[in-house]
Amino acid sequence: MQLTGNVKVLGNGYFNFFIVGRKTAALVECGTRAGAAVFRDQWTQLEEKPEIKYIVALHSHFDHIGGYPVLKQMFPEAKLVASAPAKNILAKEKANKVSFAIDEGTSELYVKHGLLHAMPDAPAPTTIPVDMVAGEGDQLEIEPGVALRFFDAPGHTVCSIAAYVEPDQVMLISDAGGYRVSKDFVTPVFFQEYDAYIKTLEKLMAYPTRAVGVAHGEIPVGDEAEQFYRQAIKAAQDGFAFIEKRLKEGATEDELANELFDKYIVGGMALYPAETMRQMMYVLIKNVKAKL
């Protein structure tokens, strides 16, 4: 789908991949190996294909770096761009081992649900070298007149960044605003720190935005862009309030984690390994308790 003049989006909705540029381009978001396999099939059907010079990973979670081995096979000359904290994480064998084990489980669920015919053939790397570091205030020229402007975007993770496509007013936020399950429901994902999560959303929404490049779900465009930011903030506030209320009512962490899992792990998030997502509910609880 041609999102704007310089931005095209591919993927299956569970994972969105953004191609920024016309003749030369940056591919923003890596998804999982399952998601990247879908992207690869769509890429082969494009009549006009730009030269992919950069692959941009907006953070290092398994569902945002797992697809890199597939993409690197497709675009071997492309340089990987990520934040400095992400570079450090991706250089650690243990972190990558954990990420790609979860990624493998996601691929298995894709095959089980008929979203993928076979397991992706790209092997998991032990480490992933980052070629270029990007952070607050950095700019990356893609081609004349088209650039990515980067922002630190903490709250979801310590290594999260966002990228603004200057001429098109497209803000690529990855998971900074949560997981957009539907137009009416956003799962909050303040997995690093709640206050930073809110501040990041308030910062990003201050920029003129024609489209919000969410990593998952339908992309908010036009008037929906500001509405999405407000919806994402409210989802986080409501999630915080719900957790605080249940803790004060005496709910145990196990009880509350199960309630949060049933409430939030729906739609595309249900295609991730269940135990991994259940553990992330404990992270939400921990981050709320840290402020009480």
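These figures come from a predicted structure and were not determined experimentally.
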Short side-chain donor-acceptor distance under 3.5 Å, H64 and S174: yes
Donor on one side chain, acceptor on other, D63 and Y179, under 3.5 Å: no
Heavy-atom closest contact ([X] atom, [Y] atom, distance):
X	Y	result
A78	I52	CB-O, 3.6 Å
D175	V189	O-CG2, 3.5 Å
A86	C159	N-CB, 3.5 Å
R22	P50	O-CB, 3.1 Å
P125	N96	O-CB, 4.1 Å
V70	A122	CG2-CB, 3.7 Å

Do [X] and [Y] belong to the same hydrophobic cluster, where Ile, Leu, Val, Met, Phe, Trp and Tyr are linked whenever their side-chain heavy atoms lie under 4.5 Å apart, directly or via other members?
X	Y	result
V133	V81	no
L271	V111	yes
Y264	M277	yes
L109	V38	no
L58	V158	no

Counting heavy atoms not belonging to [X], are there more than 12 under 6.0 Å from its [atom1]?
X	atom1	value
H117	NE2	no
K72	NZ	yes
Q2	CD	yes
D223	CG	no
E275	CD	yes

Are the side chains of [X] and [Y] in touch, meaning some heavy atoms are under 4.5 Å apart?
X	Y	answer
V212	R180	no
L256	F242	yes
P69	F100	yes
R33	M119	no
V165	T4	no
F17	W43	no
T157	I89	no
L80	P129	no

To the nearest 0.5 Å, what is the distance between [atom1] on [X] and [atom2] on [Y]?
X	Y	atom1	atom2	answer
I128	K87	CD1	NZ	13.5 Å
E253	K289	CD	NZ	4.0 Å
L292	N287	CG	CG	11.0 Å
I173	H59	CD1	NE2	11.0 Å
M269	M280	CE	CE	8.5 Å
Q169	Y207	CD	OH	12.5 Å

Side-chain ([X]) to main-chain ([Y]) donor-acceptor, under 3.5 angstrom:
X	Y	result
R210	L3	no
N12	G35	no
N16	G11	no
D195	I198	no
K183	P220	no
Q192	G155	yes
D138	F150	no
Y164	P208	yes
T106	P273	no
T200	P154	yes

Between [X] and [Y], is there a side-chain N and carboxylate O pair less than 4.0 Å apart?
X	Y	value
E226	R230	yes
K248	E244	yes
K199	E202	no
E259	K263	no

Parallel, tilted or perpendicular: ring planes of F15 versus H216, cut at 30 and 60 degrees: perpendicular
Aromatic plane relationship, F75 with F39 - under 30° parallel, 30 to 60° tilted, over 60° perpendicular: perpendicular
Test side chain to side chain contact (heavy atoms under 4.5 Å, CB included) applied to I233 and Y197, step by step: CA-CA 9 Å; I233 290 171; Y197 186 87; over 6 Å; no
I19/V7 under side chain to side chain contact (heavy atoms under 4.5 Å, CB included): CA gap, chis, key distance, verdict: CA-CA 6 Å; I19 301 170; V7 182; over 6 Å; no
Step-by-step side chain to side chain contact (heavy atoms under 4.5 Å, CB included) determination, Y282 to F261: CA-CA 10 Å; Y282 285 98; F261 182 90; over 6 Å; no
Geometric cation-pi criterion K203 and F151, 6.0 Å radius, 45° cone: no
Validation row, ring centre F190 to ring centre H156 under 6.0 Å: no
Working for side chain to side chain contact (heavy atoms under 4.5 Å, CB included), residues Y54 and V20: CA-CA 10 Å; Y54 306 101; V20 181; over 6 Å; no
